[in-house]
2 protein chains.
Amino acid sequence: MTTVLVIDDEPSIARALRINLHARGYDVHVAYDGASGLSVMARERADIVIVDLGLPDIDGVDVINGIRGWSNAPIIVLTARDQEPEKVSALDAGADDYVTKPFGMDELLARIRAAERRALPQPDEPIVRAAHFTVDLAAKQVRSLDGAAVRLTPTEWHIVEMLARHPDRLVTARQLLHEVWGPSYDAETHYLRVYLAQLRRKLEPDPSRPCCLITDPGMGYRLITAPNGCVIQQASHGRQNG
Amino acid sequence: MTTVLVIDDEPSIARALRINLHARGYDVHVAYDGASGLSVMARERADIVIVDLGLPDIDGVDVINGIRGWSNAPIIVLTARDQEPEKVSALDAGADDYVTKPFGMDELLARIRAAERRALPQPDEPIVRAAHFTVDLAAKQVRSLDGAAVRLTPTEWHIVEMLARHPDRLVTARQLLHEVWGPSYDAETHYLRVYLAQLRRKLEPDPSRPCCLITDPGMGYRLITAPNGCVIQQASHGRQNG
DNA sequence: GAGGTCCGTAAAGAAACCATCAAGATCACC
DNA sequence: GGTGATCTTGATGGTTTCTTTACGGACCTC
């Protein structure tokens, strides 16, 4: 269940928020000043914070700073102050959104949903496994099977990345040149020969007999992936897992 | 460099955005209708999208849906429509923020910064361990292995923080410059060389042979993490880090 | 089998990039 | 106003990367 912390000293607003949020399945905590807001946040670890700027004790921006010191939970400012400098300072302090009173409850709820959605973990980019190396697209890194990082130049990486984003599929020379060198290099197929040879020297056990970086003569290149349980001749102690 | 795509059919708005964003170091693309907006997005992979709802061809919500089909880039709606149902449907379609015209440029820029900030990864583990030091992201402190705090200048910390937020991942020079010095410093790669040398002097046992703060020539920098209790072996024969 | 096209390999100069030292500029603070 | 810390900028030398040239082999066509 998503927990929302409301920090607002206006009882009517706090009450309206508690009722509406609770009706939609949120777990709601309410604090009526900044100090108790910070302490409730520390205790309850709310998933989302809604904070007024005009609190009786602490300035709202300091509340934002206090939370941002240790939490990345989305913070939505809900306040009557509508001057631009206040919006800017609140947002730059770490607030995620800024809604001015009077506000529409449906809009606020939609903004809460947007904040929730952003907080969901983003799917990671995959790691593409070939028979003798792996391509980690997120880390921009190629590792040999023993886990050692292989150093690639920017151009080399760009080519491997392009191939790894289309595993086992044919990538035409034109596509590669277009993506790596730009639209006016479509005819420089020789660049590819030079760089593919370089990559095979770095990544293939027998560069003259490539088994991962394959040439389709007249067509282009493709990166052959290895099935997960793939048996490699040596490197038996390895930790390649599913 | 952060790339912003503006989809708006009002020339005056589009022009104002282009000028202001460009002046702050963003790379700006402009599309004047939904169809070309979607195609520019597919081609340029903008980091942030600003979209009007009242486009001449496609409805803005459909533009949002079209982008959300394959991209998680933050989308900020900038429109004259201020009815609540439209806000709700745009936000629920996947928009991250909703700003109504007339709008303050400073506020919009602050909302863009907030969207950028959210796109930074937030590691769940607040302490990142490298072979010879640890980075405590919550406490904003670097400690050497014996537990002594290492004194870093604000800029030095900012760089270490950025690297530690992407442990083992490549961080490009542009990303670092953009985050630490601001959007208009993307070309000042020399700053990075100076500061990385400084950091290595403070954090690496042999600064001329870094093992934690690694340069990938032409690509960027990387903070190499160590598993807990890892014993570092002397560089045996080779010279490359693994 | 001659000729052409495509591919793989090697190597060298040019260009871009990086590490380092050090001095000037700026700022906060006393 | 002086002082120390920090940030910016310049200069130099070494290294890496990119581009280009050259050559030999494989394959297909005629």
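Any value given below was found using the heavy atoms of this structure, including those in side chains, with hydrogens, waters and symmetry copies removed. Each chain gets a letter, A, B and so on, in the order its sequence line appears, and its residues count up from 1.
Computed from coordinates, the Leu213(B) CG to dC18(C) C1' distance equals 15 Å when rounded to whole Å. For the pair His190(B) NE2 and dG10(D) P, the computed distance is 9 Å after rounding to whole Å. Atom CG in Leu192(B) sits roughly 16 Å away from atom C1' in dA16(C) (whole-Å rounding). Here the P atom of nucleotide dC17(C) and the OH atom of Tyr191(B) are 17 Å apart, to the nearest Å. The CH2 atom of Trp157(B) sits 16 Å away from the P atom of dT6(D) (whole-angstrom rounding). Atom P of nucleotide dT20(C) and atom CG of Leu196(B) are separated by 10 Å, given to the nearest angstrom. Residue Glu188(A) contributes atom CD, which lies 15 Å from atom P of dC18(D) at whole-angstrom precision. Atom-to-atom, CE of Met219(B) to C1' of dA16(C) comes out at 16 Å; the value is rounded to the nearest Å.
For the pair Tyr195(A) and dC18(D), the criterion of a side-chain N or O lying under 4.0 Å from OP1 or OP2 is met. At dA10(C), one or more side-chain N or O atoms of Arg201(A) fall inside 4.0 Å of OP1 or OP2 (strictly under the cut-off). Regarding contacts with the backbone of dC7(D), a side-chain N or O of Thr155(B) is found under 4.0 angstrom from either OP1 or OP2. Contact annotation: Thr153(B) side-chain N/O to dA5(D) OP1/OP2 distance is not under 4.0 Å. Residue Ser208(A) has no polar side-chain atom (N or O) positioned under 4.0 Å from OP1 or OP2 of dG8(C). Residue Trp181(A) places no side-chain N or O under 4.0 Å from the OP1 or OP2 atom of dC18(D).
For the pair Thr215(A) (side chain) and Pro217(A) (backbone), a donor-acceptor distance under 3.5 Å is absent. Not one N or O on the side chain of Asp52(A) forms a donor-acceptor pair closer than 3.5 Å with the backbone of Leu55(A). Judged by distance alone, with hydrogens and angles left aside, the side-chain atoms of Asp96(B) form a donor-acceptor pair with the main-chain N or O of Ile75(B) at under 3.5 Å. When atom types are taken as modelled, the side chain of Arg200(A) and the backbone of Glu204(A) share no donor-acceptor pair closer than 3.5 angstrom. Here the side chain of Arg68(A) pairs a donor or acceptor atom with the backbone of Gly94(A) at under 3.5 angstrom.
The residue Arg151(B) sits close only to the backbone: its heavy atoms come under 4.0 Å of sugar-phosphate atoms, none of a base. No engagement by Thr189(A) is indicated, since no non-hydrogen atom pair under 4.0 Å with the nucleic acid exists. Among the protein residues, Tyr185(B) comes within range of no part of the nucleic acid, since none of its heavy atoms lies under 4.0 Å from any strand.
Side chains of Gln175(A) and Thr172(A): a donor-acceptor N/O pair is present below 3.5 angstrom, by distance only. Judged purely by distance below 3.5 Å, without hydrogens or angles, the side chains of Ser36(A) and Asp33(A) pair a donor atom with an acceptor atom.
Direction change of the helix axis from one end of the helix from dG1(C)-dC30(D) to dC30(C)-dG1(D) to the other is 40°, with five pairs defining each end axis (rounded to 10°).
Checked against dA19(C), dT9(C), dT20(C), the side chain of Val194(A) finds its nearest nucleotide in dT9(C). The side chain of Arg193(B) lies closest to dC17(C), out of dA10(C), dT9(D), dC17(C).
Atom OG of Ser71(A) and atom CG of Leu38(A) lie 11.0 Å apart (nearest 0.5 Å).
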